[in-house]
Amino acid sequence: MYVCCTRDPNFKANLTEEDGFLPRLDGDLIMYYDVLQSFDSNYLASVTISNNNPLGRLDNWKLNWEWMRGEFIDDMKGAYTSKTDFSECIFGEQGSFYKDLDFTKVMNCQKSPTILDLPLSKANDTEVGLIPFCCRNGTLLPPSMDPSKSVSAFKLQVFKMPPEVNRTELFAPQNWKISGILNPDYQCGPPVRVSPTQFPDPSGLQTTTSAIATWQVVCNITQPKGGKPRCCVSFSAFYNDSVIPCQTCACGCPSSAASTCSTRQPALLLPVDALLVPFANRTQKALAWADLKHFQVPKQLPCGDLCGVSINWHVATDYRRGWTARITLFNWGDNSFGDWFTAVQLDKGFPGFEASYSFNGSTLSDVNNTIFMQGLPGLNFLIAETDGTDPSRDPPIPGKQQTVISFKKKATPGISVVGGDGFPSKVFFNGEECSLPSTLPMSESHRPRIQGRFSLLLILAGALLVLLEQ
């Protein structure tokens, strides 16, 4: 006799009101607050942060929440608070209630603490480390890059205040917020009581240990009202000499912009070599290029893009069987990026993706028309801007990474690379969606042509002027 078991796609777990738990939800970022041990006056909790978005990421994450019942953090492993402060406890109700407690050893008494991940050097520290998934300097990678690095965790010992001095009285902190450097903005919902988390036995036995209580916090990527991206894109092509730079004030405008530059004028077209110098050093090149190409220059020059990272997408070749593009990353900021990634969404050229040669490139199955690229070993570090050889004379030098990407036309019949189909509709860097130019480079064959009758009228008018002069 043989028995086969198959999953019923229509099965739904029964959730009765007696359980008292709400269903677990999905989101771009999921956080769990698990109570592992509970005593009358304090409890041990574990916090787990999981990145579920294939293009989401956090660097140097900072986590904030609010204690609503006078709780305070006695100790923490796997993370730390930005401020070690026990004065609020000593002079507050906590000091009156816990008269025999040495508050000089308490980690934090703030109502809204800021929690940070520990650096990698503390991972095996017997006092603050040795927590699985801790101590990565606040980096949460997408699961598509490395599932083991898409999770962070830490533990904390929490003291409670009356009237909750009872081991069954447990409440999670409220108003959770999390942020990173040059990363997407996350909007977090309230903590929701869910069924207790089941942890595998640390001894390796086939058994699980249940948390006493579990809360889930779901955070989703959002664009705040009036918010600006933190990276931008420039476009260029082999069939046009000029580079279309990042948009004016793409990542924000300087506070004194009204008196020094125009926030409304479009950015000036540039020669290719101008991409290698900071915006403050481009003026002379941009004006010389405009004079050479007979471009109009406004009386008040446009402001810069103010972006820490800029990306150039260059259509390099176009031939009968395929085409190539070159993508270059420039880091103009003070922060270096380890394990960086970039992603481009190509609406028409995506099916023809063949390979990227200096980056590890792949297609994402759960994100439409998106090519995901990360640095190969030895090229996965995008350094910060550095001084030139002679700082008094030479401009700063950006951190730079570059690769060529090849495409085949067999899978994309009718594609017009020169007509604009070779440019992405979205570009991401470390999870942040970058600002794109509003126009594309144009070839001579795709410029608007003067209609025949109008052209004939111009010729006749010119001949008439010659006769009148005679």
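This chain uses plain numbering: 1 for the first residue, then up along the sequence. Since the structure is predicted, the reported quantities are computational estimates derived from the model, not experimental observations.
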### Task
Go through the structure and list residues passing ring pair (Phe, Tyr, Trp, His ring centres under 6.0 Å) with F359, not counting sequence neighbours.
W340
### Message
Taking side chain to side chain contact (heavy atoms under 4.5 Å, CB included) as the definition, give me every residue that meets it alongside S310, ordered by chain and number, with sequence neighbours left out.
### Response
C232, C246, F330, W332
### Message
For K408, give me all partners under salt bridge (charged side-chain N to carboxylate O under 4.0 Å, His left out), at least two apart in sequence or on another chain.
### Response
E354
### Task
Please identify each residue that fulfils salt bridge (charged side-chain N to carboxylate O under 4.0 Å, His left out) with K285, with sequence neighbours left out.
D273
### Message
Applying side chain to side chain contact (heavy atoms under 4.5 Å, CB included), can you list everything that pairs with P437, at least two apart in sequence or on another chain?
### Response
V233, F235, I244
### Task
Keeping the roles fixed (side chain from N220, backbone from D28), state whether a donor-acceptor pair exists under 3.5 Å.
yes
### Query
Roughly how far, to the nearest 0.5 Å, is CG of N60 from CG of N335?
7.0 Å
#### Entry: Test salt bridge (charged side-chain N to carboxylate O under 4.0 Å, His left out) applied to R230 - qualifying residues, sequence neighbours left out
D185, E432
### Task
Scan residues 359-371 for pairs that pass side-chain hydrogen bond (donor to acceptor under 3.5 Å, both in side chains), counting only residues two or more places apart or in two chains.
none
#### Entry: disulfide (SG to SG under 2.5 Å) partners for C134, two or more places apart
none
### Query
Distance from I383 atom CD1 to N331 atom CG, nearest 0.5 Å?
8.0 Å
#### Entry: With sequence neighbours excluded, residues passing salt bridge (charged side-chain N to carboxylate O under 4.0 Å, His left out) with D339
none
### Query
Please, which pairs that meet salt bridge (Lys or Arg N to Asp or Glu O under 4.0 Å) have at least one residue in residues 385-400, sequence neighbours excluded?
none
### Task
Could you note down all residue pairs passing side-chain hydrogen bond (donor to acceptor under 3.5 Å, both in side chains) where residues 132-150 supplies at least one of them, sequence neighbours left out?
D146-S148
### Message
Please list all pairs meeting disulfide (SG to SG under 2.5 Å) that have one or both residues in residues 378-437, counting only residues at least two apart or in different chains.
### Response
C231-C434
